Each structure stands twice: as C-alpha cells, then as structure tokens.
Number of protein chains: 2
Amino acid sequence: MGAMAPKVSTAATRAALLEAAREEFASYGVAGARVDRIAERAGVNKERIYGHFGSKEKLFDAVIAEALDDLTARIALPGTDPVDYVARLTDYYRTHPDLVRLLMWEALNYRGQDLLPGQEDRVGRCARKNASLAGGMGRTPSAETGRLLFTLTGLALFPSMMTQLARIMLGDAADDHDAMREQVSAFVAAALK
Amino acid sequence: MGAMAPKVSTAATRAALLEAAREEFASYGVAGARVDRIAERAGVNKERIYGHFGSKEKLFDAVIAEALDDLTARIALPGTDPVDYVARLTDYYRTHPDLVRLLMWEALNYRGQDLLPGQEDRVGRCARKNASLAGGMGRTPSAETGRLLFTLTGLALFPSMMTQLARIMLGDAADDHDAMREQVSAFVAAALK
DNA sequence: TCCGGGACCAACTGAACAGTTGCAATCCAA
DNA sequence: TTGGATTGCAACTGTTCAGTTGGTCCCGGA
C-alpha cells in the first residue's frame, strides 16, 4: 500500500522550502523567522511546510542537518597538516556566512547540558576528525587532542562569527581576510612547533 | 520647571527592569524575548519599559551597554602578560554565560557592515586594549597587534560560546574547564614564544 | 492647602503570527 | 476507467504580542 512513487514536484517543493528556510533562519533565527516569508520565498503554499516538516522548529532542524552534511562533505579531515586545515576551514566559513549564522542560532537555541537525540552522527564525525588530527601528529586521540581540535575550530570560526567585533577592533583592516588567515595560520604553526 | 529630583523608586524600577531584561534577552534573544515577561520578572508594569527605554530594541541596547561596561570595569588590560590575559578572560566569560549569550545575540542582530552610531566608546576601549597589548610586547599598536588581540579574544570566548560543540567534541571532558584553560594558555604561550 | 507634573498601572487595541481546514486537482494501481 | 490517496492551495482561526491609553497616586513647591 502507500504511495511508492511520490509526485515529481514533491522533491522540488521540499528543496525550495529548505533553501528559502536556510536564508530566512540564517537572517532572523528561529524566533525571528516568519513562516509566511519562507513560503513566499520558496513560491510555495505555507501549508506545505507543515506537510513536509511538521513545524517551524523541525524545519530548522532539517536546515541545520543539511548544512552540516554539506560542511563535512566539502572539508577534508585535518590529516597531516593542522595549519592547512585551519586555513581551509577559515576560508570555508568566511565564504559561507549563512552556515556560521545558523551554527550560532543553533548554539543559542539548544543550550541544554545534554546532547539532543539524533546527534550521534555529529559525535561520530567529530571523533573521526579527532582521530585524523591525532594521527597526523603521530599521537593517539585523547581529550587533549580533542581540545586542540576544538581550539583550531574556534580559531577558524571566530573571525566569521564576530565580524562586527572585528570591525570595532580592526577598523578597515577587518576587510583584509588574507592577512587574518595568514596571521592565524602563523599563530597555529608557532604554537604547534 | 523640570523635575530636579526624580522619584526615589524611579532608579530602582529602572534597575529592576534592566536586570530582568538581561536575563530574558540572554535566554531568548531580541526576537524571542517577551516584554510582558520582562515586566513580570521585574515586578513592574509593562508600560514602564516604554517610559524608561522607549522600545524593546532600545532596552536591549541598554542591556548590552551595561554588560560591556561591567566587563571592561572588571577585566584588566592585557598588559605585560598576554597569556595571563587570555586565562583571566576565559574565566570571566565562563562564569558569565549571560554576557556571552548577549554578545552572540547582538552579533547576530546587527550584521551590517558599518558601525552603528554610538559605538565610538567600544572602538576606544579596543584601541586601549590594543595599545596595552602592543606595549606589553615591546611593540607599537598596529593592525597586526590588533589581529592578535582579536585572536586572543576568540580563544577566550569560543569555549563559552560553543558549549554544545564542546560537549559533542569532548564528551564529559567538556566539563574540565581547568584543563581547557591550561591547554589554551599553553597554546598561546607557545605561539608567542 | 492646593496645584502641577512625573511615576505608575490595569485594561485595552490592532496587527502579526503559527498552525488548520475543506476542497480541487493530480496521479497511480488495478 | 475508476477509486483511493496524495499534493497543493486559499481562506480562515485563535492566540500572542508590542505598544497605547486614560486615569490614580504621590511628591514638592507655592
């Protein structure tokens, strides 16, 4: 029983909603996002959001999941060169400000101490990164290498998270992304020497 | 003409509103915050918010300004020991999660390229920190020392911003704040050697 | 003692919003 | 071809929310 083959347009509608939702959530967050605006941007009726995703919050979760899949698909593991890893990650975040904002909204939204269900895949991904980083440095994965991975992630993410602070601290020099990336890379290289 | 001496309770009402608003905004952000809830928490009529601050957004600005004043009053300048500065800053942020969340909401809220009016004091504060850091290292303030200051700020802030990511990456080891602070300090020390 | 003005508040208002409903069009399996 | 199920939609609903209004109370000055 049941529909084996869904409508052709179903997938397209869903994808259009996800894309429109990504923009809307990145701009305004969960509380500030407007369901009507998402539907309008997607050129789709509002009710379809509830048909496909159930609620505004679940749509947000779907957007986050998709963005994270994209990130892991596009960024290689730390591997043998942590310095290069930070540089690549820095560039990726800088060129994907929507993703950065989504991560921030998410961090603010789910502030609980415990992990949400369905995040096991993220734990696994991070464990793999940790293993890759440790292996590249000729060490075994540990809390210490984990903290290093966390620190490197922070160094790459922070400039894209706090662009306003960068402008306040650096003035027009905040626009010199190359200089920032090089200086951060040099910082990491010196620290790991 | 004009009230020379405002009512005694006026200042108390205002302070109660600011404190209630700080909690509410830290929890829910500007869009998610509820004016009625702030008034209730403060034990004050909602209308007083508009009498004192004019609007929800302006109340948010007042909360931010107060929190930043508090931060600069309590944290000494980088001075001669950048490593110690990062450690102190890390502790301050970790023990003031509301401030960290406010900074994040603010960063997400004002995403414009240009500085908002009335942020000249922040620019001045950062310039002073930059001068202090550069002086402590026997150098003159420059874009390079500014970027270093920015990086150090990031290292201190990031663990308190992304506690959920820390939990995902580190598991229970995320609770070991001392280890994190020490490892970050060592990282900075090695980088600046 | 009376007056003017500011602090304060309960109740109100109009708009915005998340989510729903009832129905038409479409598709696929038999 | 037909029938059951699914996509899609316009209009609707009940609620929630930021901001307002009209009035009372209290204080300090004359």
Side-chain angles (χ1 to χ4, degrees), chain A residues 1-64 102 105-106 108-110, chain B residues 1-64 102 105-106 108-110:
Chain A
M1 62 152 51
M4 289 225 160
K7 292 270 187 64
V8 197
S9 63
T10 302
T13 298
R14 195 188 158 91
L17 279 174
L18 272 175
E19 191 191 327
R22 205 193 58 229
E23 295 171 14
E24 177 77 9
F25 283 131
S27 290
Y28 304 106
V30 186
R34 297 293 163 240
V35 173
D36 301 72
R37 249 183 338 225
I38 294 173
E40 194 187 9
R41 278 200 213 205
V44 157
N45 190 276
K46 175 165 63 153
E47 181 268 353
R48 281 293 80 207
I49 289 173
Y50 297 93
H52 278 292
F53 302 99
S55 72
K56 197 195 193 188
E57 277 71 24
K58 286 180 187 165
L59 175 57
F60 180 72
D61 292 343
V63 166
I64 292 275
L102 287 173
W105 293 118
E106 197 213 8
L108 286 166
N109 224 23
Y110 304 117
Chain B
M1 59 153 55
M4 259 142 242
K7 290 272 186 65
V8 197
S9 63
T10 304
T13 297
R14 194 187 160 92
L17 279 174
L18 271 175
E19 191 191 326
R22 205 193 58 229
E23 296 171 15
E24 178 77 9
F25 283 131
S27 291
Y28 305 105
V30 186
R34 296 296 164 239
V35 174
D36 301 72
R37 245 177 348 219
I38 294 173
E40 193 186 10
R41 278 200 213 205
V44 158
N45 190 275
K46 177 165 62 151
E47 182 268 354
R48 282 292 79 206
I49 290 174
Y50 297 93
H52 277 292
F53 301 98
S55 73
K56 199 196 194 187
E57 277 71 26
K58 285 181 188 166
L59 175 57
F60 181 73
D61 292 343
V63 166
I64 293 275
L102 287 172
W105 292 119
E106 198 213 7
L108 287 165
N109 223 24
Y110 305 116

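Chain letters run A, B, ... following the sequence lines, proteins first, then strands; residues in each count from 1. Note that the structure is a prediction, hence the values are computed from the model and not measured. Computation of the quantities below employed the complete heavy-atom set of this structure, encompassing side-chain atoms and omitting hydrogens, waters and symmetry-equivalent molecules.
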Is there a side-chain contact between A:D61 and A:Y110 (heavy atoms, below 4.5 Å)?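 Yes, at least one pair of side-chain atoms sits under 4.5 Å.
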Taking atom [atom2] of [N] as reference, at what distance in whole Å does atom [atom1] of [X] sit?
X: B:R48; N: C:dG6; atom1: CZ; atom2: P; value: 11 Å
X: A:E47; N: D:dT6; atom1: CD; atom2: P; value: 14 Å
X: A:E40; N: D:dC9; atom1: CD; atom2: P; value: 14 Å
X: A:D36; N: C:dG19; atom1: CG; atom2: C1'; value: 10 Å
X: A:K58; N: C:dA18; atom1: NZ; atom2: P; value: 16 Å
X: B:R37; N: D:dC17; atom1: CZ; atom2: P; value: 7 Å
X: B:I49; N: C:dC8; atom1: CD1; atom2: P; value: 13 Å
X: A:Y28; N: C:dA18; atom1: OH; atom2: P; value: 13 Å

Report yes if a side-chain nitrogen or oxygen of [X] is closer than 4.0 Å to either non-bridging phosphate oxygen (OP1 or OP2) of [N]; otherwise report no.
X: A:T13; N: D:dG8; answer: yes
X: A:R34; N: C:dA18; answer: yes
X: A:H52; N: D:dT7; answer: no

Using a heavy-atom cut-off of under 4.0 Å over every strand shown, decide if B:A33 touches base, sugar-phosphate, or nothing.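 Touches sugar-phosphate only.
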DNA chain C: A:A31 or B:K46, which has the more 5' nearest nucleotide?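 The residue mapped nearer the 5' terminus is B:K46.
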Side chain of A:Y50 - closest among C:dA18, D:dG19, C:dC9: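 For A:Y50, the side-chain atoms sit closest to C:dA18.
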Looking at B:N45 and C:dA10, is any side-chain donor or acceptor paired with a base atom of the opposite kind under 3.5 Å?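 Flag set: donor-acceptor pair detected.
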Heavy-atom pair with the smallest gap, counting every atom of [X] and [Y]:
X: A:K56; Y: A:F25; result: O-CZ, 3.7 Å
X: B:E24; Y: B:G32; result: OE2-O, 4.3 Å
X: A:L102; Y: A:V63; result: CD1-CG1, 3.8 Å

Strictly distance-based, threshold 3.5 Å: is any side-chain N or O of A:E19 a donor or acceptor partner for the main-chain N or O of A:A42?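 Between the backbone of A:A42 and the side chain of A:E19 there is no qualifying donor-acceptor contact (under 3.5 Å).
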